[in-house]
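Per chain, numbering begins at 1; letters A, B, ... match sequence-line order.
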There are 2 protein chains.
Amino acid sequence: MLEGNTAPAPSGRPMRADARRNYERILAAATEAVARHGAEASLEEIARQAGVGSATLHRHFPSRQALLEAVFRGKVEALCASARDLAATQDPGRALGAWLRAVVTHAVRNRGLAASLVRGASGGDPALGATCHTMILNAGEELLAQARRAGAVRSDVSIADLLTLVSAISQATEGDPGGAVRAGRLLDLALNGVHPGPGTMI
Amino acid sequence: MLEGNTAPAPSGRPMRADARRNYERILAAATEAVARHGAEASLEEIARQAGVGSATLHRHFPSRQALLEAVFRGKVEALCASARDLAATQDPGRALGAWLRAVVTHAVRNRGLAASLVRGASGGDPALGATCHTMILNAGEELLAQARRAGAVRSDVSIADLLTLVSAISQATEGDPGGAVRAGRLLDLALNGVHPGPGTMI
DNA sequence: TCGTAAGCGGAGGACCACCCCACTTGTTGG
DNA sequence: CCAACAAGTGGGGTGGTCCTCCGCTTACGA
């Protein structure tokens, strides 16, 4: 934790001090609210908790998706780094499997992450919101290509499909107790199939 | 189609004529609204479309889940019948695969069905809302037991897991164009695994 | 025909996202 | 140092949601 999650000045000059402070307050409140209530947490409540007018929240984060992106940027970057790491140190098949499992684990631990990952795909304009989605897509693409070259995965499997599956599993198990083990079981099922036999990919 | 979808008198005496008429109007409006906007369609709008006060809608259908159950009861019954049919006529492995594919197909064609199926699981009180969920669970259970006896599926796979997976896939692909083929691909992936080799279960 | 209970729906409360606009405040050039 | 001003603020408004209360209407059986 403790990642200095601050990327508030995409425009020319640096932000005003108060604006930056508000940005960070909102981000902190959002992080907590999303952890507590999931991706559908009330924006109004987040603004209230941050001690800020709702207009300020909407100015800094034009859409719910933008806020979620900011909240989870650190996690997503960690996931991408982990992908690079696994690709370099593990054998291709295991690397992909381990990474997908890591994605599920993160998604189960951090409510709203899965939603944030998929929403980037279709919801909202592609220029702004899709960063998390594309980041993780690119990271996974490398891993998948490697596994495919090694003959560990079918050639008709795309990274988009795998991530959709992973997000779907995470969202389906979100909320119920014991969701973590359930999500793990479902991932195992999806990767190894329902047939009897040795599961070669964790 | 054209299933006479009317089960409005669970209590002792028959409903009053106007009540029954309103019940059916609401059901018709809900069917259309859910087809158009998915499981999150506005209840207020449904009541408006049915020419009925919102209180009337809430009296007939105490929860959104109850309304969805009523809307999809026919489809779910058809699915259950199809399970019985497949179990009797196909070899066990294929029967289960074909049925799961049928569930996905139905869920893709009828927006909100997948949500209705899973919501029954956790959301709401178990006495009233879980009918669709338990119906389809029971239907699938039979098919799975048969397939397991034939050695076509791993012994640690539960019907609940399979249906969660199927619903998750349906919901994940809901909304985007070409969702049907995408859903089919994802189901194939989940059933046969990511490894190369002959997929024995369609 | 008529009493009554079953059913009705509008109004209203509590919430929500989002936007407008009069006001405040940090910043910076003189 | 200070003043002009652009950048930033938040209260309040709009229009939407779900859901409930309660006084009125109406279908039905006696």
Side-chain angles (χ1 to χ4, degrees), chain A residues 6 8-27 29-30 33-34 36-71 112 115-116 119 123-125 128-129, chain B residues 6 8-30 33-34 36-71 112 115 119 123-125 128-129:
Chain A
T6 52
S11 62
R13 101 190 72 227
M15 283 178 97
R16 253 168 62 165
D18 55 345
R20 165 173 290 262
R21 195 182 48 212
N22 280 337
Y23 179 96
E24 275 161 20
R25 275 190 190 166
I26 294 170
L27 204 49
V34 168
R36 199 187 301 277
H37 301 111
E40 302 301 304
S42 158
L43 301 181
E44 209 86 9
E45 176 62 26
I46 290 172
R48 218 173 294 133
Q49 210 64 32
V52 140
S54 63
T56 299
L57 185 148
H58 284 284
R59 194 168 333 103
H60 282 295
F61 304 98
S63 70
R64 163 171 253 112
Q65 179 61 23
L67 182 55
L68 288 175
E69 297 268 342
V71 165
S116 158
R119 292 277 178 89
D125 67 305
L128 280 175
Chain B
T6 51
S11 63
R13 101 192 69 224
M15 284 179 97
R16 252 168 61 166
D18 53 347
R20 167 174 288 262
R21 195 182 48 214
N22 280 337
Y23 179 96
E24 276 161 20
R25 275 190 190 166
I26 293 169
L27 203 50
V34 169
R36 200 188 301 278
H37 302 111
E40 302 301 304
S42 159
L43 300 182
E44 208 85 10
E45 175 61 25
I46 290 171
R48 218 173 294 134
Q49 209 65 32
V52 141
S54 61
T56 298
L57 185 148
H58 285 282
R59 195 168 328 104
H60 282 293
F61 305 97
S63 69
R64 162 173 254 112
Q65 180 61 22
L67 182 55
L68 289 175
E69 297 268 343
V71 165
R119 292 278 179 89
D125 66 305
L128 279 177

Classify every nucleotide of nucleotides 6-11 of chain D by which part a protein heavy atom approaches to under 4.0 Å, writing B for the base, S for the sugar-phosphate alone and - for neither, in 5'-to-3' order. -BSBBB
For [X] and [N], give me the distance from atom [atom1] to atom [atom2], rounded to whole Å.
{"X": "B/Arg21", "N": "D/dT25", "atom1": "CZ", "atom2": "P", "result": "17 Å"}
{"X": "B/Phe61", "N": "C/dG9", "atom1": "CZ", "atom2": "C1'", "result": "17 Å"}
{"X": "B/Gln65", "N": "D/dC18", "atom1": "CD", "atom2": "P", "result": "15 Å"}
{"X": "A/His58", "N": "C/dC20", "atom1": "NE2", "atom2": "C1'", "result": "13 Å"}

Answer yes or no: is there a donor N or O on one side and an acceptor on the other, between the side chain of B/Arg20 and the main chain of B/Pro14, under 3.5 Å? no
Spell out, as yes or no, whether a donor-acceptor pair under 3.5 Å connects the side chain of B/Arg36 to the backbone of B/Ala41. no
Do [X] and [Y] come within less than 4.5 Å of each other through their side chains, counting heavy atoms only?
{"X": "A/Ile46", "Y": "A/Gln49", "value": "no"}
{"X": "B/Val34", "Y": "B/Leu67", "value": "no"}
{"X": "B/His58", "Y": "B/Leu43", "value": "yes"}
{"X": "A/Leu68", "Y": "A/Phe61", "value": "no"}

Closest non-hydrogen atom pair, A/Ser54 against A/Ala47: CA-CB, 3.9 Å
Interface residues of residues 39-47 of chain B with DNA chain C (non-hydrogen, below 4.0 angstrom): none
Output all residues satisfying side chain to side chain donor-acceptor pair (under 3.5 Å) with B/Arg59, sequence neighbours left out; order by chain, then residue number. none
Categorize B/Arg48 for me: base, sugar-phosphate, or nothing, with a 4.0 angstrom heavy-atom threshold over every strand shown. sugar-phosphate
